Amino acid sequence: MKAATLGPEQRAQDLAAMAERELDILVVGAGVVGAGTALDAVTRGLSTGIVEARDWASGTSSRSSKLIHGGLRYLEMLDFALVREALKERGLLLERLAPHLVKPVPFLYPLQHKAWERVYAGSGVALYDAMSMARGHGRGLPMHRHLTRKHALRVAPCLKKDALTGALQYYDAQMDDARYVATLVRTAAMYGAKAANRARVTGFLREGERVVGARVEDVEGGGEYEIRAKQVVNATGVWTDDTQAMVGERGQFHVRASKGIHLVVPKDRINSTTGLILRTEKSVLFVIPWGRHWIIGTTDTDWDLDKAHPAASSADIDYLLEHVNSVLGVPLSRDDVQGVYAGLRPLLAGESDATSKLSREHTVAHPAPGLVVVAGGKYTTYRVMAKDAVDEAVHGLDQRVAECVTEEVPLVGAEGYRALWNARARIAARTGLHVVRVEHLLNRYGALAEEVLELVSTDPGLGAPLGGADDYLRAEVVYAASHEGARHLDDVLTRRTRISIETFDRGARCAREAAELMAPVLGWDKDQVEREVEHYEKRVEAERESQRQPDDLTADAARLGAPDIVPL
């Protein structure tokens, strides 16, 4: 099957098509759970649509720790079922569903006490590996190992000698979360789902008590559509309660937002060949390899301010630096921080006020006829959440529906990826690109890298790196707009690429060049190019200003100084 193209023409056609004929399933929200739900539904043979108010993964699903993991710390909480489920999903993603996007990553856990800690922590990691292997999905990762202090310092010379007595090393996996969601949407579209971003639900259609669809505003082109569906799935994450309020139903549970922030620093600032996992008084702290960078995170604090643009405060940044510096021989300073991002976890409200104790389990409910709500959970188990949501929706359909098949459905780009990886030197010779560039493309697009290379073949100038962000080719900016649904400069620099957190200028230097590359694809005139660049620069400055503020209230106020861009 040919991969679907999420370009401007497709978006307009899909919005019109959704309004023309009643769907079986309409999914509201295109984070990882919503996108996964659309894929699950359409691959069962159901007519499916998905709408997103902003960009794919513009909320929580682009601002995570970018880990696919079983949740080692949940073993300590004796939540064996959650860990077992997540380990199975980790194995499926690594081995079958998305080997081009999900990669193994090693972590070192420094031990600070003598024998008892090695026995305690070692038993937990051994159980983690054993549970993975027992599910038959652990073959893609090495087993854990015990290290002496001397060996650990060879693996991670960055650590203070007195910060550990020894260490454990184990493996999990990672991915680019926003890229993963965009790939999920493209996969669903390939199987026939209709998809539109920048399409905001403004209300629900009712016939008596029953929800029969949604009113959707085209934020880009103007106009409003009535999209009718036999079942509507609310997969809006931290916006769940807000979306439920449109129906006038109180709902059977509530979702609270917990803020987590991450710092991005250059690779040379931390001398290590492995990621790190450290204990804090509240949770755990990860130092995660990320290309030519490290991601350090995360925090866990209650958040009840603006959900669209959660802000990192100066206190948040200091907290992470203080904790990571407690084990580093050469401490990090504010000047070492290239990027900062903040995200919100959707946690099911429980009895405890501490967000770290709220449930990471997910829940599916049917609060009104025709409406299904799915919330909670964690990124790694999105496919299970999607299956449960569609299973619930199927109860309201007057027809026989096939069982879930997504365990057997690779994402676009997975098929043929390993063969192309083995041929990467030949591809480099054929295209004139360095083999490192080819590897970069294969690990971002899989077999769809050939589509990016076709753009370069047609216009060799697109094979040059983007000025000021030379990890990325100019072709990738064009491809984001023509094939991946990017509608604005912010979509490209923040989610289709990670330039906004991987450069010290946060992407300001390459903003104009990127906007000019997008312009022909999206039909922008010079005025719109100027608006896009000006908006992006204001966004960067607003984020920098928020990160200088002492607390959440002042940081939130500063971040709101740059409103979302809307085209004229």
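Computed from a predicted model, the values in this text were never measured in an experiment. For the single chain, residues carry numbers from 1 onward in sequence order.
- In terms of modelled atom types and a separation under 3.5 Å, the side chain of W294 and the main chain of I270 share a donor-acceptor contact.
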- Test log, rule side-chain hydrogen bond (donor to acceptor under 3.5 Å, both in side chains), inputs S64 and D177: CA-CA 7 Å; S64 73; D177 48 9; 2.6 Å; yes
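- There is no side-chain donor-acceptor pair under 3.5 Å between H69 and E89.
- Taking a cutoff of 4.0 Å between a charged side-chain nitrogen and a carboxylate oxygen, D491 and R495 qualify as a salt bridge.
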- Message: Assess the residue pair K526 and E530 against the criterion (salt bridge (Lys or Arg N to Asp or Glu O under 4.0 Å)); give the C-alpha distance rounded to whole Å, side-chain angles, the decisive distance to 0.1 Å, and a yes or no.
- Response: CA-CA 6 Å; K526 289 183 178 180; E530 291 299 326; over 6 Å; no
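- Counting only N and O atoms by type, the side chains of Q169 and T274 include a donor and acceptor under 3.5 Å apart.
- F107 has its side chain within reach of I288: a pair of non-hydrogen atoms, C-beta onward, lies under 4.5 Å apart.
- Checked against side chain to side chain donor-acceptor pair (under 3.5 Å), Y171 has no partners two or more places apart in sequence or in another chain.
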- Go through the steps to decide whether Y180 and Y382 satisfy the test side chain to side chain contact (heavy atoms under 4.5 Å, CB included), and finish with yes or no. CA-CA 11 Å; Y180 191 94; Y382 82 87; 2.8 Å; yes
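- With values rounded to the nearest 0.5 angstrom, K378 atom NZ is found 11.0 Å from M385 atom CE.
- Note that the CG atom of D306 and the CZ atom of R559 stand 8.0 Å from one another [nearest 0.5 Å].
- Counting all heavy atoms, side chain and backbone alike, D242 lies closest to V238 at OD1-O, 4.0 Å.
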- Message: I'd like to know whether R334 forms a side chain to side chain contact (heavy atoms under 4.5 Å, CB included) with S314, so could you lay out the CA-CA distance, the side-chain angles of the two residues, the decisive distance to 0.1 Å, and finally the verdict.
- Response: CA-CA 10 Å; R334 286 288 188 109; S314 181; 2.5 Å; yes
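- With respect to the salt-bridge test (charged N to carboxylate O, under 4.0 angstrom), the residues E502 and R292 do not qualify.
- The cationic atom of R496 (NZ for Lys, CZ for Arg) does not lie both less than 6.0 Å from the six-membered ring centre of Y479 and within 45° of the ring axis.
- Under the 3.5 Å distance criterion, the side-chain polar atoms of H535 are matched with a main-chain donor or acceptor of P563.
- Using modelled atom types, one side-chain atom of K66 and one backbone atom of S62 make a donor-acceptor pair closer than 3.5 Å.
- For R548, the side chain to side chain donor-acceptor pair (under 3.5 Å) test picks out E541, E545, with sequence neighbours left out.
- When atom types are taken as modelled, the side chain of D470 and the backbone of L466 share no donor-acceptor pair closer than 3.5 angstrom.
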- Given side chain to side chain contact (heavy atoms under 4.5 Å, CB included), test E516 with R512 step by step and report yes or no. CA-CA 6 Å; E516 289 172 350; R512 182 168 300 280; 3.6 Å; yes
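- Closest of all the heavy-atom pairs between F504 and V337 is CE2-O, 3.7 Å.
- Side-chain contact check for Y379 versus S61: some heavy-atom pair is nearer than 4.5 Å.
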- Please lay out, stage by stage, how R506 and Y536 fare under the test side-chain hydrogen bond (donor to acceptor under 3.5 Å, both in side chains). CA-CA 10 Å; R506 313 276 173 102; Y536 187 78; over 6 Å; no
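- Side chains of H488 and E532: a donor on one and an acceptor on the other come within 3.5 Å.
- Between Y445 and Y417, a ring centre-to-centre spacing not shorter than 6.0 Å is recorded.
- Between the E476 side chain and the L473 main chain, a donor and an acceptor come within less than 3.5 Å of each other.
- Of the charged side-chain nitrogens involved, at least one lies within less than 4.0 Å of a carboxylate oxygen, so that R345 and D300 count as a salt-bridged pair.
- Minimum heavy-atom separation, D471 to H440: O-CE1, 3.3 Å.
- Looking only at atom types and distance, the side chain of T243 has a donor-acceptor partner in the side chain of T236 under 3.5 Å away.
- Of the possible donor and acceptor atoms, one in the side chain of T431 sits under 3.5 Å from a partner among the backbone N and O of I427.
- Here the side chains of I68 and L94 are not in contact, with every heavy-atom distance at 4.5 Å or above.
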- Item | salt bridge (Lys or Arg N to Asp or Glu O under 4.0 Å) between K259 and D316, intermediate numbers included | CA-CA 10 Å; K259 184 179 71 169; D316 292 327; 2.6 Å; yes
- Walk me through it: do R54 and D564 pass the test side chain to side chain contact (heavy atoms under 4.5 Å, CB included)? CA-CA 10 Å; R54 296 187 295 156; D564 286 340; 4.1 Å; yes
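- The heavy-atom pair separating L164 from A152 by the smallest distance is CD1-CB, 3.6 Å.
- When all heavy atoms of V529 and A515 are compared, the pair lying nearest together is CG1-CB, 4.0 Å.
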- Message: Between Q528 and R531, does the side-chain hydrogen bond (donor to acceptor under 3.5 Å, both in side chains) criterion hold? Intermediate values first, please.
- Response: CA-CA 5 Å; Q528 183 64 27; R531 282 193 293 273; 2.5 Å; yes
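- A salt bridge is absent between R256 and D304; no separation between the charged side-chain nitrogens and carboxylate oxygens falls under 4.0 Å.
- Of the possible donor and acceptor atoms, one in the side chain of H100 sits under 3.5 Å from a partner among the backbone N and O of V412.
- The pair D55-R198 does not count as a salt bridge, with every side-chain nitrogen at least 4.0 angstrom from each carboxylate oxygen.
- Ionic pairing of D176 and R498 is present here: one or more N-O contacts between side-chain nitrogen and carboxylate oxygen are shorter than 4.0 angstrom.
- L92 has its side chain within reach of R383: a pair of non-hydrogen atoms, C-beta onward, lies under 4.5 Å apart.
- Side-chain contact between L108 and I277 is absent, with no heavy atoms from C-beta onward closer than 4.5 Å.
- Exactly one of T381, T380, D172 qualifies for a side chain to side chain donor-acceptor pair (under 3.5 Å) with R90. That residue is D172.
- Legend: residues meeting side chain to side chain donor-acceptor pair (under 3.5 Å) with R11, ordered by chain and number and at least two apart, are D218.
- V340 has its side chain out of reach of H262: every pair of non-hydrogen atoms, C-beta onward, lies at least 4.5 Å apart.
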- Item | salt bridge (Lys or Arg N to Asp or Glu O under 4.0 Å) evaluation trace for R186 with E451 | CA-CA 14 Å; R186 285 192 73 182; E451 293 184 346; 3.4 Å; yes
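- Checked for salt-bridge contact, E484 and R444 miss the test: no charged N lies under 4.0 Å from a carboxylate O.
- Here the side chain of Q549 pairs no donor or acceptor atom with the backbone of T554 at under 3.5 angstrom.
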- Check step by step if side-chain hydrogen bond (donor to acceptor under 3.5 Å, both in side chains) holds for D551 and S313. CA-CA 5 Å; D551 54 42; S313 69; over 6 Å; no
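- Comment: R474 does not engage D459 in a salt bridge, judged by the lack of any side-chain N to carboxylate O separation of less than 4.0 angstrom.
- Between the side chain of T60 and the backbone N or O of L344, at least one donor-acceptor pair lies under 3.5 Å.
- Judged purely by atom type and a 3.5 angstrom limit, T273 uses its side chain to pair as donor or acceptor with the backbone of V155.
- Annotation for V521 and P8: closest pair O-CG, 3.7 Å, computed over non-hydrogen atoms.
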